[in-house]
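Written below as C-alpha cells is the structure these notes are about.
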Number of protein chains: 2
Amino acid sequence: MLWRIDFRDKRPIYEQVVSGIEDEIISGLLAPDEPLPSVRSLATDLSINPNTIQKAYRQLEADGYTYSVPGRGSFVKDTEGVKEMKKEDTLRELTALADRARELGVTEEEIQKAIKGDSHK
Amino acid sequence: MLWRIDFRDKRPIYEQVVSGIEDEIISGLLAPDEPLPSVRSLATDLSINPNTIQKAYRQLEADGYTYSVPGRGSFVKDTEGVKEMKKEDTLRELTALADRARELGVTEEEIQKAIKGDSHK
DNA sequence: CTAACCGTATTATTCGTCATAGTACAGTTA
DNA sequence: TAACTGTACTATGACGAATAATACGGTTAG
C-alpha cells in the first residue's frame, strides 16, 4: 500500500480508497486478474471500518475497475476501456480549465509554461 | 442575475451562490464598491432561505471579494489581488492536470489540441 | 470435515453539514 | 418613524458518512 487515509481531507474516506486503488490499477501496479486486499484486511491496515471498504469496492466494481467473486476475493479487471474513458475525461477537464484561465486574463504563454511545468524534472 | 440555483447539483446551495457572485465580480459585471443584492431580496429571488445567503455572503467577505456594512449592505471590494491569486491557482491546477494526463498516456499533441479546444469557435 | 478465510447484506447508532424557520437587535435612510 | 440593511442565535429536519455488530453462503487449505 503506497497511500494512506487523510482524515483531515474533506473527501469521504471511501472515495479516497476508490481513487487510491484506481491509481494503483491505472499505473499498472495492480495487474489484471491480480487480487485486491480483502475487505477485512484492508480495513485493518487503514484502521477504518470494513463497511467503508465494502462501499469503496462496490463502487470500484460499478465503475468497471474490478470484479468480485464471493468466497474468493476482488480482482483487477482488464482496464483498457476504462483508461480510455479516463483519458477523454481528463482532456475535457483540460479544455475547460484552459478556457477558465483565459477568462481570468491568463496569456497563452503562461498557459504553455504551466503545462510544461515539471516535464523536465 | 444571470445564474440560477441548480437543486440537482450535489454542491451545497450557499457554495453555488458564492461562485455565482464570484464570477460576476471577476467578469467585471459587478464593479468595485457596487452593492450586492440584499440578503433578503436575493433569498426571495432565488427562492431559498435568507440564512443560506448570509452564509454565502460571510464566505465572500472572508475570501476577500466583498465588504459588508451593517445597515447599508454588502459591496464589491477592489479585486485585483484576489484575481491574481485566482490566476495562480488556476495555473497550478493546469500543471497538475497536464501531469495527470501524461500519466494516463496522453500525448503532447492531444494536450495541445485540448487546450486550443474552442478558442477558434 | 472443518476451520479460516472470502464477499455480501442488514440494521442500528452516531456525527457533522446543509438548509430551513423563526426571532431578535442594531445601524441606516428616505 | 417606517422600511430597509447586516448580523446573530436557537431549534429542527434531512441527509450522507462512518462505525458497530451480526449474519449468511461460497471457497479453500489442512
Side-chain angles (χ1 to χ4, degrees), chain A residues 1 3-22 24-25 30 32-77, chain B residues 1 3-22 24-25 30 32-77:
Chain A
M1 198 67 44
W3 43 276
R4 295 267 178 283
I5 298 298
D6 180 6
F7 290 97
R8 292 166 305 178
D9 198 327
K10 49 213 162 304
R11 290 168 54 200
I13 296 178
Y14 81 94
E15 213 174 291
Q16 294 185 43
V17 174
V18 167
S19 62
I21 295 181
E22 270 185 20
E24 287 189 285
I25 293 177
L30 281 175
D33 293 320
E34 197 169 337
L36 270 60
S38 80
V39 168
R40 290 170 180 82
S41 69
L42 185 54
T44 302
D45 288 357
L46 296 177
S47 304
I48 57 183
N49 194 283
N51 290 337
T52 305
I53 302 292
Q54 191 196 342
K55 186 171 184 178
Y57 277 24
R58 200 184 310 137
Q59 184 168 330
L60 280 167
E61 187 171 15
D63 290 349
Y65 284 97
T66 61
Y67 63 93
S68 296
V69 184
R72 297 210 55 228
S74 291
F75 304 88
V76 177
K77 225 177 179 176
Chain B
M1 198 68 42
W3 43 275
R4 294 263 179 284
I5 299 298
D6 181 6
F7 291 96
R8 294 165 305 179
D9 197 328
K10 52 220 161 302
R11 290 166 55 200
I13 297 178
Y14 82 95
E15 214 173 290
Q16 295 184 43
V17 174
V18 168
S19 62
I21 295 181
E22 270 185 20
E24 288 189 284
I25 292 177
L30 281 174
D33 292 320
E34 197 170 339
L36 271 60
S38 81
V39 168
R40 290 169 180 83
S41 70
L42 184 54
T44 303
D45 288 357
L46 297 175
S47 303
I48 57 183
N49 192 283
N51 290 335
T52 306
I53 302 293
Q54 191 196 343
K55 186 172 185 178
Y57 277 25
R58 201 185 308 137
Q59 184 167 332
L60 280 167
E61 188 171 14
D63 291 350
Y65 284 97
T66 61
Y67 62 93
S68 295
V69 184
R72 296 208 57 222
S74 291
F75 303 88
V76 177
K77 225 177 180 176

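So you know, we letter chains A, B, ... as the sequences are listed, proteins then strands, and number each from 1.
- When the nearest nucleotides of DNA chain D are assigned to A:Arg40 and A:Pro50 by heavy-atom distance, the more 5′-ward of the two goes with A:Pro50.
- Going from atom CD1 of B:Ile5 over to atom C1' of C:dC18 covers 13 Å, rounded to whole Å.
- Between atom CD of residue A:Gln54 and atom OG of residue A:Ser74 there is a gap of 9.5 Å, rounded to the nearest 0.5 Å.
- Atom CD of B:Gln54 and atom C1' of C:dA21 are 14 Å apart (whole Å).
- Contact annotation: the side chain of A:Leu42 approaches that of A:Ile21 to within less than 4.5 Å [non-hydrogen atoms, C-beta and beyond].
- For residues 32-67 of chain B, the ring-ring contact (aromatic ring centres under 6.0 Å, His included) pairs, not counting sequence neighbours, are B:Tyr67-B:Phe75.
- Pairing each heavy atom of B:Ala56 with each of B:Val17, the nearest pair is CB-CG1, 3.6 Å.
- Listed pair B:Thr52 / C:dA19 fails the phosphate criterion, with no side-chain N or O lying under 4.0 Å from OP1 or OP2.
- With rounding to the nearest 0.5 Å, the separation of CG in B:Leu60 from NZ in B:Lys77 is 11.5 Å.
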Expected string for nucleotides 11-17 of chain C under the B/S/- scheme (protein heavy atoms, under 4.0 Å, primed atoms plus P, OP1, OP2 as sugar-phosphate) is -------
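- Using a 4.5 Å heavy-atom threshold, the side chains of A:Trp3 and A:Leu46 count as touching.
- Nucleotides of DNA chain D nearest to A:Phe7 and B:Pro37 differ in position, and the one nearer the 5' end is that of B:Pro37.
- Here the OG1 atom belonging to B:Thr66 is positioned 10.5 Å from the CD atom belonging to B:Gln59, to the nearest 0.5 angstrom.
- Scanning for salt bridge (Lys or Arg N to Asp or Glu O under 4.0 Å) contacts around A:Glu61 gives an empty result, with sequence neighbours left out.
- One interatomic measurement links the two molecules: CD1 of B:Ile48 to P of C:dG22, which rounds to 16 Å at whole-angstrom precision.
- Within the model, atoms CD1 of B:Ile5 and CD1 of B:Ile13 stand 6.0 Å from one another, a figure rounded to the nearest 0.5 Å.
- Residue A:Gln16 is out of contact with every strand shown, counting any heavy-atom pair closer than 4.0 Å.
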Assess the residue pair B:Leu36 and B:Ile53 against the criterion (side chain to side chain contact (heavy atoms under 4.5 Å, CB included)); give the C-alpha distance rounded to whole Å, side-chain angles, the decisive distance to 0.1 Å, and a yes or no.
CA-CA 11 Å; B:Leu36 271 60; B:Ile53 302 293; over 6 Å; no
Only Watson-Crick and G-U wobble pairs with both distances less than 3.5 Å should count. Give DNA chain D in dot-bracket notation, marking inter-strand partners with |.
||||||||||||||||||||||||||||||
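- For the segment residues 63-76 of chain B, residues with any heavy atom less than 4.0 angstrom from an atom of DNA chain D are, sorted by number, B:Ser68, B:Val69, B:Pro70, B:Gly71, B:Arg72, B:Gly73, B:Ser74.
- Taken from CZ in B:Arg8 to CG in B:Asp6, the straight-line distance is 5.0 Å, to the nearest 0.5 Å.
- The shortest heavy-atom contact between B:Asn49 and B:Ala43 is C-CB, 4.0 Å.
- For DNA chain D, the span of nucleotides reached by chain A at under 4.0 Å from its heavy atoms goes, 5' to 3', from D:dA17 to D:dT28.
- Residue contacts shown for B:Glu15 are absent, as no nucleic acid heavy atom lies under 4.0 Å away.
- A donor-acceptor contact shorter than 3.5 Å links the side chain of B:Gln16 to the backbone of B:Arg11.
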